[in-house]
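Notes follow the structure.
Just follow the structure's listing: the first ligand is 1, and inside any ligand the first atom is 1.
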Amino acid sequence: MSKKTKVGVLVSGHGTNLQAIIDQKIESCEIAVVISNKPDVYALKRAQNSGIQAMVINHKDFESREEFEKKLIECLDEKGVELVVLAGFMRVLTPLFVRHYKNRIINIHPALLPSFPGVHAARQALEYGVKYSGCTVHFVDDGVDTGPIILQSVVQIDQGDTEDTLLEKIHTEEHRIFPEAVRLFCEGKIQIEGRTVKIKD
Ligand code: GRF
């Protein structure tokens with residue numbers, strides 16, 4: 001196997017997607033660091049349990065988004081991170097960060113983009129009355145949930161679904177396609193052509 005791609009995972013919460021990526025044991029990927037913007041979140045514990053370096057960079061300790069992001073960049077670059085994975089990272093990133101890692105940041109969103117971007121995507125899908133929703137792995141650009149789409153998976157919405165039951169179905173699919181997207185990136189199989197992502201065999 002050729003050189004592993006160094007991955008930095010940014011988290012803010014429970015970290016089930018981080019766990020899914022860890023559990024997949026992707027040969028081409030080394031998780032070099034996990035960084036949380038919130039202290040005491042369970043995602044940090046998950047990293048530690050797997051022997052991965054876990055750090056807190058609390059956004060509240062910085063005067064501006066840019067100052068916070070400069071610190072993130074410093075830590076990620078120091079670790080040689082080539083791919084930044086947003087696994088439930090609940091801060092919008094500014095162009096400063098996005099341009100530094102252009103086409104090297106991926107995010108998981110709990111809806112079929114471009115429908116229902118932003119927070120509360122599952123609630124909005126239910127309120128809108130769509131019959132199908134799902135999840136999307138996409139590159140991060142300067143907009144909110146607007147970057148080129150890598151993978152999507154569909155779930156059916158049933159009449160009795162609540163926000164919680166819908167999210168449960170979506171999470172199952174997230175845990176399948178997010179590690180898959182990380183693997184494809186680390187194996188160099190992803191090519192961006194304008195808005196379109198091509199996946200090489
Ligand atoms: C996921 O639903 C993801 O779509 C959204 O944040 C949630 C993170 O969950 N961006 P977890 O922390 O990975 O459990």
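If you check each of Ala111, Ala43, Gly88, Gly15 against atom 8 (C) of ligand 1, the one with the closest non-hydrogen atom is Gly88.
Proximity of a side-chain donor or acceptor of Asn58 to a complementary backbone N or O of Lys60 within less than 3.5 Å is detected.
Close approach of ligand 1 to Pro110 (heavy-atom distance below 4.0 Å) involves ligand atoms 4 (O). Every atom of ligand 1 is numbered from 1 in the order shown, and the set under 4.0 Å from a heavy atom of Glu174 is 1 (C), 2 (O), 3 (C), 4 (O). Close contacts of ligand 1 with His171, meaning ligand atoms under 4.0 Å from a residue heavy atom, involve 1 (C), 2 (O).
Of all protein heavy atoms, the one closest to atom 10 (N) of ligand 1 is Ile108 O, 3.0 Å. Atom 14 (O) of ligand 1 has Thr16 OG1, 2.5 Å as its closest protein atom, hydrogens excluded (heavy atom only).
Under the 4.0 Å criterion applied to side-chain N and carboxylate O atoms, Lys169 and Asp164 are not assigned as salt-bridge partners. Between Asp141 and Lys102 there is no salt bridge, since no side-chain N of the basic residue sits under 4.0 Å from a carboxylate O of the acidic one.
Polar contact with ligand 1: absent for Ala87 (N/O pair, distance under 3.5 Å). Ligand 1 has an N or O atom lying under 3.5 Å from an N or O atom of Asn17, backbone or side chain.
Follow the hydrophobic side-chain contacts under 4.5 Å out from Leu10 and you never reach Ile108; the two are in separate clusters.
Each of His175, Arg46, Gln24 was evaluated against Gln19; a single residue qualifies, Arg46, per the side chain to side chain donor-acceptor pair (under 3.5 Å) test.
Relative orientation of the Phe89 and Phe68 rings is parallel, given thresholds of 30° and 60° on the angle between their planes.
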